[in-house]
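Since the model is a prediction, treat every value here as computed from it, not as a measurement. Side chains are part of it too, since the values below use all heavy atoms of this structure and drop only hydrogens, waters and symmetry mates.
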Amino acid sequence: MSVINLKAGETLVIKASRVWRGTPEPPREALVYLQDGKVAAFSTGDQTGGYKRNDPVKEPMNVLELPGCTVIPGLIDCHVHLALDGRDFSRARQQWTARGELLERVKADLTNTLERGIVAVRDGGDRAGIGLEVKQLVITGRLAGPLVLACGHALHRQGKYGSFLGPGLTPAELEKAVDSLARQGVDHLKVLVSGIVSFSQYGRVDAPQFTRDELQRIVYRARSRGLRIMAHASGDDAVRLAVEAGVDSIEHGYFISEESLHRMAARGIAWVPTVIPVAGQVRGKWRVQYTAREVEVITRTWRRQVKMIKKALEMGVTLGVGTDAGATGVCHGQGFLEELLLYRKAGLSPADILLAATRNGAAILGLEHLLGRIEPGRPAFLVAVEGNPWEDISTLAKVKYVFRPADFPGKKLPEKYNSLQPERCFMRLT
């Protein structure tokens, strides 16, 4: 696997057996012309005559031939926690005060993420603000990795679940907390509407942390600051409150109802189901820590989630892909394909899965104008894999190249991605 950093002034032509552009059409043999870190042109066949180069010195084009490979838009993980490592929660927390050790671990996790073809991640927060700090380190080039969108710390009710994600809040502190995060330069907000699902009692989730009025106050304040809201919500009561308050995406959503899915579809609210953090608990070494009864509860829980993913797609809900990477049992980068294979188990076609992993993810992050499609004028965040993921999604395990603009992380992202008018150009392949 190689990461190709596309430098200013460089021109590269990719000739692949297949190129999937992030549209409803299947991949086809094509040429992709890259110049100055952007997609300059796209053509089928092997004719190059229609491409006009901007560089004054017409040196021979560099052509990268990729027989048997498919080029796709870069993958997007809509839910990670860069402050955690997925292996040892306590050890990761200890690293928060050991900066050198922390940065070495984060560096390795970012590298692993990028090498899996993931070009952008959305961080779900931590109390120490590490996700936000990592974002700045990537922007300034001190760490190499995917684009990072960060929320700083998450908003949760004082005395309720989420103490490692952010300080607990009283109802009187909600607006001030949003304003404080906005001043820190966060890209979005994360609000904890519920706790986590029980592994010992099927279907049990703690009661919602906020009232509808309190959630609406958070959403209204966030909108006034140009911020989108990702809502951690499991249990249908919490999902329903979050939907009524007008959040942008539901994270996790365990035990969601068909009625809530219908409302989400009607309002254009996306769903990031994060199945692997639960399903992974009964795999490999993690399984031994649970009793037979707990294994049964966990298995029933993730299998229900998988069934609801299929229903959500059929009902027109926009699906993104999020791994909750950093959660116990989910390593950064590695969990992404595992999550996609669970989508396949749900009955989604490779086309639907690819869309969720690219174009939908870009829209959920507010980066639909930059990522998710291969089009002239867009930054060249591309991935080449061996095989054809349109036919077999598991071929995404065979990443051969990751392409990205060399200097893009150092550039300020256009303001549009944080606008108050998200285009919500979500779509599904039919």
Quiz item: Which pairs, with at least one residue in residues 240-284 and sequence neighbours excluded, count as a ring-ring contact (aromatic ring centres under 6.0 Å, His included)?
Solution: His79-His252, Tyr202-Phe255, His232-His252
Quiz item: How many angstroms lie between CZ in Arg359 and CH2 in Trp20, if you round to the nearest 0.5 Å?
Solution: 8.5 Å
Quiz item: If you round to the nearest 0.5 Å, how far is OG1 of Thr301 from CD of Gln201?
Solution: 11.0 Å
Practice problem: Specify the closest pair of heavy atoms between Leu337 and Ala397, including all atoms of both residues, with the distance to one decimal. | Solution: CD2-CB, 3.4 Å
Quiz item: Hey, does Leu110 have a side-chain heavy atom less than 4.5 Å from the side chain of Val134?
Solution: yes
Quiz item: Taking 4.0 angstrom as the limit, do Asp248 and Arg223 come out as a salt bridge?
Solution: yes
Quiz item: Any sub-3.5 Å donor-acceptor pair from Glu386's side-chain atoms to Val399's backbone N or O?
Solution: no
Quiz item: Do Ile76 and Ile118 touch side chain to side chain, with heavy atoms closer than 4.5 Å?
Solution: no
Quiz item: Side chains of His81 and Leu165: does their closest heavy-atom pair fall under 4.5 Å?
Solution: yes
Quiz item: For Ala92, does its backbone N or O pair with a side-chain atom of Arg105 as donor and acceptor, under 3.5 Å?
Solution: no
Self-check item: His332 side chain to Leu84 backbone, donor-acceptor under 3.5 Å
Solution: yes
Quiz item: Is a salt bridge present between Arg122 and Glu251, judged by a nitrogen-to-oxygen distance below 4.0 Å?
Solution: yes
Exercise. Report yes or no: do Arg21 and Thr23 form a side-chain donor-acceptor pair below 3.5 Å?
Key: no
Exercise. Side-chain contact test, heavy atoms from C-beta onward, threshold under 4.5 Å: evaluate it for Tyr161 versus His156 and give yes or no.
Key: no
Practice problem: List the steps and the verdict of side-chain hydrogen bond (donor to acceptor under 3.5 Å, both in side chains) for Thr395 and Asp392. | Solution: CA-CA 6 Å; Thr395 62; Asp392 180 2; 5.8 Å; no
Exercise. Would you confirm whether Ser260, through its side chain, and Ile256, through its main-chain N or O, come within 3.5 Å as a donor-acceptor pair?
Key: no
Quiz item: Are Arg263 and Glu259 within salt-bridge range, i.e. N to O under 4.0 Å?
Solution: yes
Quiz item: Any donor and acceptor pair, going by atom type alone, linking the side chain of Trp390 with main-chain N or O of Pro350 inside 3.5 Å?
Solution: no
Quiz prompt | Interatomic distance, Ile72 atom CD1 to Leu396 atom CG [nearest 0.5 angstrom] | solution = 5.0 Å
Quiz item: Between the side chains of Thr318 and Asn360, does any donor sit under 3.5 Å from an acceptor?
Solution: no
Practice problem: Please confirm whether the backbone N or O of Ser257 pairs with a side-chain atom of Asp236, one donor and one acceptor, at under 3.5 Å? | Solution: yes
Quiz item: Does some side-chain heavy atom of His153 sit less than 4.5 Å from a side-chain heavy atom of Asp126?
Solution: no
Practice problem: Apply the side-chain contact (heavy atoms from CB on, under 4.5 Å) test between Leu149 and each candidate in Val80, Asp187, Leu132; give the one that qualifies. | Solution: Asp187
Quiz item: Looking at CZ of Phe336 and CG of Asn112, how far apart are the two atoms once the value is rounded to the nearest 0.5 Å?
Solution: 13.0 Å
Practice problem: For residues 304-313, pull every pair meeting salt bridge (Lys or Arg N to Asp or Glu O under 4.0 Å), keeping only residues two or more places apart or in separate chains. | Solution: Glu258-Lys311
Quiz item: Does any N or O in the side chain of Arg287 come within less than 3.5 Å of the main-chain N or O of Val282, such that one atom is a donor and the other an acceptor?
Solution: yes
Quiz item: So, does Arg127 use its side chain to make a donor-acceptor pair with the main chain of Ser163 at under 3.5 Å?
Solution: yes
Quiz prompt | Derivation of the salt bridge (charged side-chain N to carboxylate O under 4.0 Å, His left out) call for Arg18 and Glu391 | solution = CA-CA 12 Å; Arg18 290 165 297 272; Glu391 295 178 351; over 6 Å; no
Quiz item: Can Lys107 and Glu104 be said to form a salt bridge (charged side-chain N to carboxylate O under 4.0 Å, His left out), step by step?
Solution: CA-CA 5 Å; Lys107 179 180 178 181; Glu104 282 301 310; 5.1 Å; no
Quiz item: Are the side chain of Asp85 and the backbone N or O of Asp88 linked by a donor-acceptor pair below 3.5 Å?
Solution: yes
Quiz item: Atom CZ of Phe403 and atom CD1 of Ile374: how far apart are they, to the nearest 0.5 Å?
Solution: 10.0 Å
Quiz item: Could Glu368 and Arg378 be called an ion pair, given the rule that one side-chain N must be under 4.0 Å from one carboxylate O?
Solution: no
Self-check item: Euclidean distance, Thr274 OG1 relative to Asp324 CG, rounded to 0.5 Å
Solution: 5.5 Å
Self-check item: Of all pairs that satisfy salt bridge (Lys or Arg N to Asp or Glu O under 4.0 Å), the ones with a partner from residues 161-186, not counting sequence neighbours
Solution: Glu175-Arg217, Asp179-Arg221, Asp179-Arg225
